[in-house]
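In what follows, a structure is listed as structure tokens, so that the remarks can point back to it.
Excluded from the calculations below are hydrogen atoms, water molecules and symmetry mates; all remaining heavy atoms, backbone and side chain alike, are included.
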Amino acid sequence: MKNTTTNTKEKKNVLKTIVTMFKWMGRYWPLLVLSFLILYIVSYVRTLIPLVGQHIIDVILEFSDGGSKLPPFLANFIIGNSKLTQLIYAGLLLLILALFRAVLIFIRRTTSGYFGETVAYKLRNTLYHKLQNADYNFHTHSETGDLIQRCTTDVEAYKRFISDRIIEVGRLILLMSLSIWQMSKLNVDLMWISLMVTPVILFSAVYYFRKVERQFTIIENNEAKMTTHVQENVSGSRVVKAFANEAYEVNKFDGLNREFTDSDFNLIKKMAIFWSVTDFICFIQFMLIAVFGIIYASKGTISLGTYTAFLAFAGNIIWPMRQLGRLVGDFSKATVAVKRLTKIIDNEDEYDDSEPNSTPKVNGIVEFKHVSFKFPDSNEDQLVDVDFLANKGDTIAIIGKTGSGKSTLMNLLVRLLDYQEGDILVDGTSIKDIEKHYLRANVGIILQEPFLFSKTVKENIGIADQDSSSERVESVAKIAQVHDDIVNFEQGYETLVGERGVTLSGGQKQRVAIARMLLKPKPILIFDDSLSAVDTETDIQIRRALNKEWKDSTVFIITHRITTAKEADKIIVLEDGRIKESGTHDELIKRKGLYSNIWNIQSKIDFHVEEDGE
């Protein structure tokens, strides 16, 4: 009973995958139909060639009186006063048929190639759009290398199948069907003999498909792990070198590479078994046709020309059936690829029709009203009953130990995460009632580890506003205290930043990211520990410049540096997801609580550092 249920489920999954394959073709499916129509003509023309041979042997050379099996309009073409003339016309007919087939094959392959590339182009755009619009949770639970592989290798597997393999399946089916039809007109009994082992080959192909589909899934997963490892280590090469960890990473890659190689070799062994078995079966089939054909020809049941035509038609049946193994393997690979791609395409967009479209004016008044939040895969609350008000132009410092919920708090404000209880208001409007793009466009956020693109420094700063002038770019760079560093580079603002900004120091990356955010004024600014890599003096200069240039913006600063928090209008101390204390620096110092303890500890450390420096 369990096996029956499993088989039914597998059939439904395969059928669903096939439907998905055709659905992704969109409005380009007529090109596939056109390819099949051309393919039908090409296959039919191919079945005429053995009949020309039969006509030459039985009619022109008069080896028997079986008559021509060619269609009348072609048989009438091969008419002449002598055998030589008829042979010349027959050779000319073969040349015309071959040339006609070549032209049609060129048209068919061009059509199917355009079809495959166009569908793949649309699919890649769809995948990229889905990845761009996927929510925060999707990306935090996905591996970059695996996503890259799906958008490249898996798309290529799907494209190759719909543009080539599915046409090839159609070609083989048409060729076999037309060959069987032509054989039935020559001799029905010998036709059935020619099909004796067909069920065995078909059964072998189905069994092979089930085996290799599972193996392809294993291969894809192993390749994804290996790709992810390479991607992470190339991106984090400085970390690997800093810890002299090259040998460990090489050994780890060797293990992943071995798993991938072994899984690939297991597939090769399965393919080798299938090819050898089907090759032997095809040989038996061909031998049966040859033996029974000789017997029939010796008894006069069929002519010599019919016998030679049967051998040609047998090749049109046997060898295409043998190709089913390769096509079944490609189909298995395509189904695995489609299933992996479906997980991206079927993922719900962060922005959909159910999202609000309200775009109220944002001045910068932010209010957290008893907000509680926990991650979907967690049993414990990350934030509990967070409640505070930030007026327009206020600077709010948020401090707390690692894991206290500081970054989560700001992720809720820009709706990267959605809270379960309470509400967050921006100028009196719940952020859940504000269109997400609009909300985020009014909030500037800089992370502790900012992402820089493999572009010039100028392009990285100006990416927030493509129309900004060089003067404007330099102006915000000065506010971010990075202008002097940039002009000291050999190529200044045209200096090419390496992947993820590896050619810049941590402080320079943070300041370039700050300059990028400041390019377009925003009513709400968030610094998520983004001043941690700069010295205290630079930190003060940046904040003073911000207060002067963006004095009307509401600023949230997540920091571990107490001197940074000291100047804020309000300081919020988080502990275990709850607001432990809030108030100004002087107020919190007088309370002798957690903030006062942190202040005393950091003050002593700073004092000792200064004393040692002297």
Handout entry: Distance-only side-chain donor-acceptor flag, Glu117 / Tyr121, under 3.5 Å
Key = no
Exercise for the section: Mind checking side-chain contact (heavy atoms from CB on, under 4.5 Å) for Asn133 and listing every partner two or more places apart, or none if nothing turns up? Expected result: His129, Asp349, Tyr351
Fill in the blank from the handout: Between the CG atom in Asn411 and the CG atom in Leu417, the distance rounded to the nearest 0.5 Å is 5.0 Å
Exercise for the section: Compare all side-chain heavy atoms of Glu156 with those of Thr153 and state whether any distance is below 4.5 angstrom. Expected result: no
Practice task
Using the test salt bridge (Lys or Arg N to Asp or Glu O under 4.0 Å), find all partners of Asp381 that sit at least two apart in sequence or belong to another chain.
Solution key: none
Handout entry: Any side-chain heavy-atom pair of Ile219 and Val336 under 4.5 Å
Key = no
Handout entry: Atom of Leu383, atom of Gly405 and distance for their closest heavy-atom approach
Key = CD2-O, 3.6 Å
Problem - Criterion side-chain contact (heavy atoms from CB on, under 4.5 Å) on Met21 and Thr335, from CA distance to verdict - result: CA-CA 9 Å; Met21 285 182 179; Thr335 55; 4.0 Å; yes
Problem - Separation of Leu31 CG from Thr111 OG1 (nearest 0.5 Å) - result: 7.0 Å
Completion exercise
Those residues at least two apart in sequence (or on a different chain) that pass side chain to side chain donor-acceptor pair (under 3.5 Å) with Asn460 are none
Exercise for the section: Measure the spacing between CZ of Phe527 and CD of Gln510 and express it to the nearest 0.5 Å. Expected result: 10.5 Å
Exercise for the section: Please lay out, stage by stage, how Ile162 and Leu32 fare under the test side-chain contact (heavy atoms from CB on, under 4.5 Å). Expected result: CA-CA 8 Å; Ile162 63 169; Leu32 183 63; over 6 Å; no
Handout entry: Leu37 side chain reached by Ile41 side chain, heavy atoms, under 4.5 Å
Key = no
Problem - Minimum side-chain heavy-atom gap Lys159-Thr118 below 4.5 Å - result: no
Exercise for the section: Evaluate the side-chain proximity of Asn257 to Met226: yes if any heavy-atom separation is below 4.5 Å, no if none is. Expected result: yes
Practice task
Taking ring pair (Phe, Tyr, Trp, His ring centres under 6.0 Å) as the test, write out the residues that go with Phe373, two or more places apart.
Solution key: Phe375
Completion exercise
Residue pairs passing the side-chain hydrogen bond (donor to acceptor under 3.5 Å, both in side chains) test with at least one member in residues 19-29, sequence neighbours excluded, are none
Handout entry: Minimum heavy-atom distance between Ser184 and Met191, given as atom pair plus value
Key = CB-SD, 3.5 Å
Problem - Rounded distance [0.5 Å steps], CG in Leu341 versus NZ in Lys130 - result: 13.0 Å
Practice task
Step through the shown structure and confirm whether more than 12 heavy atoms of other residues, nucleotides or ligands are within 6.0 Å of CZ on Phe36.
Solution key: yes
Practice task
Compare every heavy atom of Ser163 with every heavy atom of Gly116, then report the nearest pair and how far apart it is.
Solution key: CA-CB, 3.5 Å
Handout entry: side-chain contact (heavy atoms from CB on, under 4.5 Å) against Leu48, all qualifying residues, sequence neighbours excluded
Key = Tyr44, Leu51, Pro71, Leu74, Leu97, Gln182
Handout entry: Heavy-atom closest contact (Val482 atom, Arg511 atom, distance)
Key = CB-CB, 3.6 Å
Problem - Thr495 side chain vs Gly492 backbone, donor-acceptor pair below 3.5 Å - result: yes
Problem - Listed partners of Asp418 passing salt bridge (Lys or Arg N to Asp or Glu O under 4.0 Å), at least two apart - result: Arg415
Exercise for the section: List the steps, then state whether side-chain contact (heavy atoms from CB on, under 4.5 Å) holds for Val512 with Ile461. Expected result: CA-CA 6 Å; Val512 167; Ile461 296 175; 3.9 Å; yes
Practice task
Starting at CD1 of Ile486, measure out to NZ of Lys458 and round the result to the nearest 0.5 Å.
Solution key: 11.5 Å
Exercise for the section: Can you see which heavy atom on Ala157 is nearest to which on Ala334, and at what distance? Expected result: O-CB, 4.3 Å
Exercise for the section: Name all residues meeting the side chain to side chain donor-acceptor pair (under 3.5 Å) criterion together with Arg258; count only those two or more places apart in sequence or in a different chain, and write none if there are none. Expected result: Asp262
Completion exercise
The side chain to side chain donor-acceptor pair (under 3.5 Å) partners of Thr456 (sequence neighbours excluded) come to Glu459
Practice task
State the NZ-CG distance between Lys343 and Leu147, to the nearest 0.5 angstrom.
Solution key: 11.5 Å
Completion exercise
Minimal heavy-atom distance between Asn222 and Phe260, with the atoms involved, is CB-CA, 3.9 Å
Practice task
Would you please name every residue forming a salt bridge (Lys or Arg N to Asp or Glu O under 4.0 Å) with Glu494, sequence neighbours left out?
Solution key: none
Handout entry: Any side-chain heavy-atom pair of Asp485 and Gln508 under 4.5 Å
Key = yes
Exercise for the section: Taking the side chain as every heavy atom from C-beta outward, state whether Leu131 and Cys151 have any pair of such atoms under 4.5 Å apart. Expected result: yes
Practice task
Using a cut-off of 6.0 Å, state whether more than 12 heavy atoms not belonging to Arg101 lie near its atom CZ.
Solution key: yes
Practice task
For Arg340, check salt bridge (Lys or Arg N to Asp or Glu O under 4.0 Å) against everything at least two apart and list the hits.
Solution key: Asp146, Asp154, Glu220
Handout entry: Check: Ile345 and Leu123 side chains under 4.5 Å, non-hydrogen atoms
Key = yes
Practice task
Carefully, step by step, assess Leu104 and Arg108 under the rule side-chain contact (heavy atoms from CB on, under 4.5 Å).
Solution key: CA-CA 6 Å; Leu104 289 179; Arg108 197 272 296 174; over 6 Å; no
Problem - side chain to side chain donor-acceptor pair (under 3.5 Å) partners of Tyr114, counting only residues at least two apart - result: none
